[in-house]
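Notes follow once the structure below has been shown.
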Amino acid sequence: MDTLSVKVIKKATEALGIRSLELASSDGRPLPAFSAGAHIDLHLGNGLVRQYSLCNDPSDRHRYLIAVLREESSRGGSSYVHDSIRVGDILTISTPRNHFPLVRATHSLLFAGGIGITPVLCMAERLLTAGASFEMHYCTRSVERTAFYDYIRNSPLSQYVHFHFDTGNQEQKLDVPAELTKHNSGSHLYVCGPSGFIEHVCSTAKAKGWPEEQIHYEHFAAAPQDISNDQEFEVQIASSGERFIIPVGQSITSVLTNHGIDIPVACEQGVCGTCVTRVLDGIPMHRDVYLTDSEHASNDQLTPCCSRSKTKMLVLDL
Ligand code: FES
(Lines give C-alpha, C1' and ligand atoms only; values in the text may rest on other atoms or scores of the structure.)
Protein backbone atom coordinates (compact mmCIF):
# COMPACT_ATOMS: atom_id res chain seq x y z
CA MET A 1 0.00 0.00 0.00
CA ASP A 2 1.34 3.47 -0.91
CA THR A 3 2.37 5.61 2.02
CA LEU A 4 3.36 9.25 2.32
CA SER A 5 4.82 11.58 4.92
CA VAL A 6 2.63 14.34 6.23
CA LYS A 7 3.16 17.12 8.73
CA VAL A 8 0.74 17.94 11.53
CA ILE A 9 -0.07 21.61 10.89
CA LYS A 10 -2.88 21.98 13.41
CA LYS A 11 -4.28 20.10 16.37
CA ALA A 12 -7.57 21.28 17.87
CA THR A 13 -10.22 20.26 20.37
CA GLU A 14 -13.46 19.77 18.44
CA ALA A 15 -15.63 18.62 21.35
CA LEU A 16 -15.37 16.92 24.70
CA GLY A 17 -13.04 13.96 24.10
CA ILE A 18 -12.60 14.67 20.37
CA ARG A 19 -9.47 16.18 18.85
CA SER A 20 -8.75 16.90 15.22
CA LEU A 21 -5.49 16.83 13.30
CA GLU A 22 -4.88 18.80 10.15
CA LEU A 23 -2.25 17.17 7.96
CA ALA A 24 -0.33 18.67 5.03
CA SER A 25 2.31 17.11 2.81
CA SER A 26 5.76 17.42 4.33
CA ASP A 27 7.23 18.72 1.05
CA GLY A 28 4.57 21.38 0.42
CA ARG A 29 3.08 19.65 -2.62
CA PRO A 30 -0.66 19.02 -3.05
CA LEU A 31 -1.85 15.83 -1.40
CA PRO A 32 -3.28 12.90 -3.39
CA ALA A 33 -6.92 13.53 -4.26
CA PHE A 34 -9.68 11.76 -2.32
CA SER A 35 -13.42 11.25 -2.65
CA ALA A 36 -16.07 11.77 0.02
CA GLY A 37 -16.20 8.85 2.47
CA ALA A 38 -12.49 8.02 2.08
CA HIS A 39 -10.16 7.17 4.95
CA ILE A 40 -6.44 7.00 5.56
CA ASP A 41 -4.37 4.57 7.59
CA LEU A 42 -2.39 6.47 10.21
CA HIS A 43 0.82 4.73 11.31
CA LEU A 44 1.19 5.60 14.95
CA GLY A 45 4.88 4.86 15.28
CA ASN A 46 4.29 2.37 18.09
CA GLY A 47 3.43 -0.44 15.69
CA LEU A 48 -0.25 0.43 15.57
CA VAL A 49 -2.08 1.39 12.40
CA ARG A 50 -5.50 2.97 12.64
CA GLN A 51 -8.02 4.09 10.04
CA TYR A 52 -9.51 7.56 10.20
CA SER A 53 -12.04 9.07 7.81
CA LEU A 54 -11.21 12.34 6.11
CA CYS A 55 -13.65 15.05 7.24
CA ASN A 56 -12.84 17.96 4.98
CA ASP A 57 -14.10 18.96 1.54
CA PRO A 58 -12.48 16.70 -1.09
CA SER A 59 -11.74 19.78 -3.19
CA ASP A 60 -9.11 20.74 -0.56
CA ARG A 61 -5.82 19.59 -2.06
CA HIS A 62 -3.51 21.00 0.58
CA ARG A 63 -4.80 19.28 3.71
CA TYR A 64 -6.42 16.20 5.22
CA LEU A 65 -8.56 16.71 8.31
CA ILE A 66 -9.25 13.83 10.71
CA ALA A 67 -11.01 13.79 14.09
CA VAL A 68 -10.42 11.20 16.79
CA LEU A 69 -12.57 10.30 19.79
CA ARG A 70 -10.66 9.30 22.91
CA GLU A 71 -11.83 5.78 23.66
CA GLU A 72 -10.90 4.43 27.06
CA SER A 73 -11.29 0.87 25.79
CA SER A 74 -9.01 1.40 22.79
CA ARG A 75 -5.72 -0.42 22.46
CA GLY A 76 -3.72 2.77 22.24
CA GLY A 77 -4.77 4.37 18.97
CA SER A 78 -6.94 7.21 20.18
CA SER A 79 -4.92 8.02 23.30
CA TYR A 80 -1.75 8.16 21.20
CA VAL A 81 -3.37 10.72 18.89
CA HIS A 82 -4.72 12.72 21.83
CA ASP A 83 -1.65 12.69 24.05
CA SER A 84 1.48 12.10 21.97
CA ILE A 85 1.08 13.68 18.54
CA ARG A 86 2.12 17.35 18.39
CA VAL A 87 1.97 20.11 15.78
CA GLY A 88 5.08 19.82 13.61
CA ASP A 89 5.32 16.03 13.92
CA ILE A 90 5.91 14.11 10.70
CA LEU A 91 3.56 11.13 10.38
CA THR A 92 3.29 8.27 7.92
CA ILE A 93 -0.12 7.70 6.37
CA SER A 94 -1.51 5.62 3.53
CA THR A 95 -2.92 7.27 0.46
CA PRO A 96 -6.72 7.65 0.82
CA ARG A 97 -8.98 4.68 0.09
CA ASN A 98 -12.74 4.66 -0.07
CA HIS A 99 -15.05 1.82 1.03
CA PHE A 100 -17.94 4.23 1.65
CA PRO A 101 -18.38 6.25 -1.54
CA LEU A 102 -21.26 8.51 -2.50
CA VAL A 103 -23.24 7.39 -5.52
CA ARG A 104 -25.34 9.49 -7.85
CA ALA A 105 -28.80 9.97 -6.33
CA THR A 106 -31.79 12.25 -6.59
CA HIS A 107 -31.39 12.93 -2.88
CA SER A 108 -28.85 11.83 -0.25
CA LEU A 109 -29.94 11.30 3.32
CA LEU A 110 -27.00 11.35 5.73
CA PHE A 111 -27.14 10.04 9.31
CA ALA A 112 -24.21 10.53 11.68
CA GLY A 113 -24.01 9.26 15.25
CA GLY A 114 -21.26 10.71 17.47
CA ILE A 115 -17.79 10.38 15.95
CA GLY A 116 -19.49 8.84 12.90
CA ILE A 117 -19.71 12.47 11.76
CA THR A 118 -16.24 12.22 10.21
CA PRO A 119 -17.02 10.66 6.79
CA VAL A 120 -20.54 12.12 6.83
CA LEU A 121 -19.28 15.71 7.19
CA CYS A 122 -17.02 15.13 4.18
CA MET A 123 -20.02 13.82 2.21
CA ALA A 124 -22.08 16.86 3.18
CA GLU A 125 -19.26 19.18 2.07
CA ARG A 126 -19.04 17.37 -1.27
CA LEU A 127 -22.81 17.40 -1.86
CA LEU A 128 -22.97 21.09 -0.99
CA THR A 129 -20.12 21.93 -3.36
CA ALA A 130 -21.79 19.86 -6.11
CA GLY A 131 -25.15 21.57 -5.57
CA ALA A 132 -26.78 18.17 -4.96
CA SER A 133 -29.94 17.58 -2.96
CA PHE A 134 -29.18 16.27 0.55
CA GLU A 135 -29.92 16.56 4.22
CA MET A 136 -28.01 15.43 7.25
CA HIS A 137 -29.09 14.26 10.69
CA TYR A 138 -26.40 14.46 13.34
CA CYS A 139 -27.06 12.73 16.68
CA THR A 140 -24.88 13.19 19.76
CA ARG A 141 -25.21 13.01 23.49
CA SER A 142 -24.98 16.79 24.03
CA VAL A 143 -23.72 20.00 22.42
CA GLU A 144 -20.42 19.63 24.32
CA ARG A 145 -19.82 16.26 22.64
CA THR A 146 -20.70 17.47 19.14
CA ALA A 147 -17.59 17.75 16.98
CA PHE A 148 -17.68 20.56 14.39
CA TYR A 149 -20.84 22.05 15.98
CA ASP A 150 -19.78 25.69 15.60
CA TYR A 151 -18.21 25.04 12.21
CA ILE A 152 -21.44 23.56 10.82
CA ARG A 153 -23.67 26.23 12.36
CA ASN A 154 -21.56 29.00 10.88
CA SER A 155 -21.22 27.49 7.42
CA PRO A 156 -23.65 27.17 4.48
CA LEU A 157 -24.07 23.55 5.59
CA SER A 158 -26.24 24.70 8.47
CA GLN A 159 -29.43 24.87 6.39
CA TYR A 160 -29.10 21.16 5.52
CA VAL A 161 -28.11 19.83 8.95
CA HIS A 162 -30.44 18.83 11.78
CA PHE A 163 -28.85 18.34 15.20
CA HIS A 164 -30.35 15.84 17.65
CA PHE A 165 -29.09 15.72 21.25
CA ASP A 166 -29.83 12.94 23.73
CA THR A 167 -29.99 15.60 26.43
CA GLY A 168 -32.32 17.87 24.43
CA ASN A 169 -36.10 18.10 24.51
CA GLN A 170 -38.37 15.60 22.84
CA GLU A 171 -39.18 17.75 19.78
CA GLN A 172 -35.60 17.75 18.53
CA LYS A 173 -35.02 13.99 18.98
CA LEU A 174 -34.47 12.02 15.79
CA ASP A 175 -37.54 10.16 14.56
CA VAL A 176 -35.86 7.62 12.27
CA PRO A 177 -39.05 6.00 10.87
CA ALA A 178 -40.53 9.41 10.08
CA GLU A 179 -37.39 10.62 8.31
CA LEU A 180 -37.10 7.41 6.30
CA THR A 181 -40.73 7.62 5.23
CA LYS A 182 -40.26 11.03 3.61
CA HIS A 183 -37.82 9.72 1.01
CA ASN A 184 -37.78 6.63 -1.13
CA SER A 185 -37.21 5.96 -4.81
CA GLY A 186 -34.03 7.57 -6.03
CA SER A 187 -32.82 8.54 -2.56
CA HIS A 188 -29.71 6.98 -1.06
CA LEU A 189 -29.08 6.58 2.65
CA TYR A 190 -25.64 6.85 4.32
CA VAL A 191 -25.10 5.97 7.98
CA CYS A 192 -22.02 6.07 10.19
CA GLY A 193 -21.83 5.82 13.96
CA PRO A 194 -21.90 3.26 16.76
CA SER A 195 -23.03 -0.25 15.79
CA GLY A 196 -26.40 0.11 17.53
CA PHE A 197 -27.10 3.37 15.70
CA ILE A 198 -26.23 1.86 12.31
CA GLU A 199 -28.30 -1.21 13.06
CA HIS A 200 -31.32 0.87 14.09
CA VAL A 201 -31.25 3.17 11.04
CA CYS A 202 -30.54 0.40 8.52
CA SER A 203 -33.07 -2.08 9.89
CA THR A 204 -35.72 0.65 9.96
CA ALA A 205 -34.89 1.54 6.36
CA LYS A 206 -35.21 -2.11 5.29
CA ALA A 207 -38.52 -2.42 7.15
CA LYS A 208 -39.72 0.69 5.31
CA GLY A 209 -38.90 -0.98 2.00
CA TRP A 210 -35.66 0.79 1.12
CA PRO A 211 -33.75 -1.36 -1.40
CA GLU A 212 -30.53 -2.74 0.07
CA GLU A 213 -28.44 -1.15 -2.69
CA GLN A 214 -29.64 2.31 -1.60
CA ILE A 215 -28.50 1.80 2.01
CA HIS A 216 -24.81 2.49 2.73
CA TYR A 217 -23.09 2.34 6.09
CA GLU A 218 -19.64 2.28 7.60
CA HIS A 219 -18.61 0.95 10.99
CA PHE A 220 -15.57 2.28 12.76
CA ALA A 221 -15.32 -0.53 15.30
CA ALA A 222 -16.55 -4.09 15.37
CA ALA A 223 -19.21 -4.87 17.96
CA PRO A 224 -18.01 -6.77 21.06
CA GLN A 225 -18.12 -10.53 20.45
CA ASP A 226 -19.11 -13.41 22.68
CA ILE A 227 -15.95 -15.52 22.74
CA SER A 228 -16.99 -17.84 25.56
CA ASN A 229 -17.65 -20.77 23.20
CA ASP A 230 -14.53 -20.36 21.07
CA GLN A 231 -12.77 -23.61 20.13
CA GLU A 232 -9.36 -24.28 18.67
CA PHE A 233 -9.27 -25.22 14.98
CA GLU A 234 -6.76 -25.91 12.24
CA VAL A 235 -5.74 -23.81 9.26
CA GLN A 236 -4.18 -25.35 6.18
CA ILE A 237 -2.12 -23.33 3.72
CA ALA A 238 -3.31 -24.42 0.27
CA SER A 239 -0.02 -23.84 -1.56
CA SER A 240 2.19 -25.79 0.83
CA GLY A 241 -0.18 -28.10 2.67
CA GLU A 242 1.22 -26.88 6.02
CA ARG A 243 -1.23 -27.00 8.91
CA PHE A 244 -1.36 -24.81 12.00
CA ILE A 245 -3.47 -25.01 15.12
CA ILE A 246 -5.23 -21.75 16.03
CA PRO A 247 -5.71 -21.87 19.82
CA VAL A 248 -8.47 -20.09 21.71
CA GLY A 249 -7.42 -16.48 22.29
CA GLN A 250 -5.11 -16.23 19.26
CA SER A 251 -5.96 -14.98 15.79
CA ILE A 252 -5.16 -16.75 12.53
CA THR A 253 -2.92 -13.85 11.51
CA SER A 254 -0.90 -13.91 14.74
CA VAL A 255 -0.31 -17.68 14.54
CA LEU A 256 0.68 -17.53 10.87
CA THR A 257 2.96 -14.53 11.45
CA ASN A 258 4.75 -16.49 14.19
CA HIS A 259 5.46 -19.14 11.53
CA GLY A 260 6.76 -16.65 8.97
CA ILE A 261 3.55 -16.40 6.92
CA ASP A 262 2.63 -12.74 6.72
CA ILE A 263 -0.88 -11.59 5.89
CA PRO A 264 -1.06 -7.77 5.70
CA VAL A 265 -3.10 -6.31 8.57
CA ALA A 266 -4.06 -2.82 9.66
CA CYS A 267 -7.00 -2.50 12.04
CA GLU A 268 -6.90 -6.09 13.40
CA GLN A 269 -10.58 -5.66 14.34
CA GLY A 270 -12.42 -6.70 11.20
CA VAL A 271 -13.10 -3.15 10.07
CA CYS A 272 -10.72 -2.27 7.25
CA GLY A 273 -10.58 -5.33 4.99
CA THR A 274 -6.79 -5.25 4.61
CA CYS A 275 -6.41 -8.91 5.60
CA VAL A 276 -9.26 -10.43 3.55
CA THR A 277 -8.21 -13.92 2.42
CA ARG A 278 -9.94 -16.48 0.20
CA VAL A 279 -11.27 -19.63 1.85
CA LEU A 280 -11.06 -22.81 -0.26
CA ASP A 281 -12.60 -25.23 2.22
CA GLY A 282 -14.31 -25.06 5.61
CA ILE A 283 -16.85 -22.60 7.00
CA PRO A 284 -15.60 -19.37 8.60
CA MET A 285 -17.06 -17.91 11.78
CA HIS A 286 -17.20 -14.31 10.60
CA ARG A 287 -16.43 -11.63 13.18
CA ASP A 288 -15.85 -8.62 10.96
CA VAL A 289 -18.00 -5.68 9.94
CA TYR A 290 -16.19 -5.26 6.63
CA LEU A 291 -17.71 -7.99 4.44
CA THR A 292 -21.36 -7.68 3.46
CA ASP A 293 -24.07 -10.10 4.60
CA SER A 294 -24.03 -11.83 1.21
CA GLU A 295 -20.23 -12.08 1.26
CA HIS A 296 -20.46 -13.65 4.71
CA ALA A 297 -23.08 -16.09 3.48
CA SER A 298 -20.94 -17.22 0.55
CA ASN A 299 -18.22 -18.34 3.00
CA ASP A 300 -15.46 -18.09 0.41
CA GLN A 301 -13.44 -15.35 2.15
CA LEU A 302 -12.78 -14.18 5.70
CA THR A 303 -10.87 -11.61 7.73
CA PRO A 304 -8.24 -13.73 9.51
CA CYS A 305 -7.31 -10.91 11.92
CA CYS A 306 -10.46 -11.59 13.96
CA SER A 307 -12.61 -14.32 12.37
CA ARG A 308 -12.43 -17.98 13.34
CA SER A 309 -13.83 -21.26 12.02
CA LYS A 310 -17.06 -23.17 12.47
CA THR A 311 -15.41 -26.29 11.06
CA LYS A 312 -12.39 -28.14 12.46
CA MET A 313 -10.34 -27.08 9.43
CA LEU A 314 -10.14 -24.03 7.18
CA VAL A 315 -8.12 -24.18 3.97
CA LEU A 316 -6.84 -20.74 3.01
CA ASP A 317 -5.76 -19.64 -0.46
CA LEU A 318 -2.25 -18.71 0.62
S1 FES B 1 -6.77 -6.12 9.43
FE2 FES B 1 -8.53 -4.87 9.18
S3 FES B 1 -10.05 -6.36 8.73
FE4 FES B 1 -8.35 -7.55 9.23
Side-chain angles (χ1 to χ4, degrees), residues 1-3 37-54 66 68-69 71 73-78 80-81 92-101 115-116 118-119 192-195 198-199 216-227 230 233 235 237-238 244 246-280 282-310 314-318:
M1 193 176 303
D2 290 342
T3 59
H39 68 273
I40 53 166
D41 292 348
L42 175 60
H43 296 250
L44 296 172
N46 53 1
L48 291 176
V49 179
R50 289 289 177 264
Q51 285 75 43
Y52 295 111
S53 296
L54 299 175
I66 62 171
V68 180
L69 170 69
E71 292 181 90
S73 61
S74 91
R75 289 175 295 163
S78 67
Y80 188 85
V81 172
T92 300
I93 63 170
S94 69
T95 50
R97 285 174 293 153
N98 199 343
H99 301 313
F100 190 38
I115 195 62
T118 53
C192 188
S195 296
I198 292 176
E199 173 58 27
H216 314 269
Y217 57 89
E218 184 168 74
H219 288 268
F220 44 79
Q225 303 282 343
D226 177 5
I227 57 170
D230 279 2
F233 59 96
V235 157
I237 307 299
F244 302 99
I246 313 298
V248 172
Q250 285 193 47
S251 67
I252 298 173
T253 46
S254 66
V255 170
L256 296 188
T257 301
N258 288 342
H259 289 87
I261 300 167
D262 275 330
I263 298 176
V265 291
C267 71
E268 297 181 78
Q269 317 177 61
V271 174
C272 72
T274 304
C275 66
V276 168
T277 303
R278 269 173 34 92
V279 175
L280 301 180
I283 300 174
M285 181 185 288
H286 296 288
R287 291 212 165 141
D288 64 285
V289 290
Y290 176 77
L291 299 172
T292 62
D293 289 349
S294 61
E295 286 170 335
H296 282 157
S298 67
N299 286 323
D300 59 359
Q301 52 186 334
L302 92 168
T303 53
C305 66
C306 61
S307 296
R308 299 184 66 80
S309 182
K310 289 182 181 169
L314 275 185
V315 181
L316 301 184
D317 188 14
L318 292 169

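In listed order, ligands and their atoms are each counted from 1. Just so you know, residue 1 is the first one in the sequence shown, and it goes up from there.
- In terms of modelled atom types and a separation under 3.5 Å, the side chain of H219 and the main chain of V289 share no donor-acceptor contact.
- For atom 4 (Fe) of ligand 1, protein N, O or S atoms closer than 2.8 Å were enumerated as C275 SG, C305 SG, with waters left out.
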Cut-off 3.5 Å, no hydrogens considered: what does the side-chain donor-acceptor table look like for residues 254-266, sequence neighbours left out?
| from | atom 1 | to | atom 2 | distance (Å) |
| --- | --- | --- | --- | --- |
| S254 | OG | S251 | N | 3.2 |
| S254 | OG | S251 | O | 3.0 |
| S254 | OG | S251 | OG | 3.1 |
| T257 | OG1 | T253 | O | 2.7 |
| N258 | ND2 | S254 | O | 3.3 |
| H259 | ND1 | V255 | O | 2.9 |

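- Judged purely by atom type and a 3.5 angstrom limit, Y217 has no side-chain atom pairing as donor or acceptor with the backbone of I198.
- The shortest distance between side-chain heavy atoms of Q269 and C306 does not fall below 4.5 Å.
- Here T92 pairs with T3, H43 under the side-chain contact (heavy atoms from CB on, under 4.5 Å) rule; sequence neighbours left out.
- Among residues two or more places apart in sequence or in another chain, the salt bridge (Lys or Arg N to Asp or Glu O under 4.0 Å) test is passed with D230 by R287, R308.
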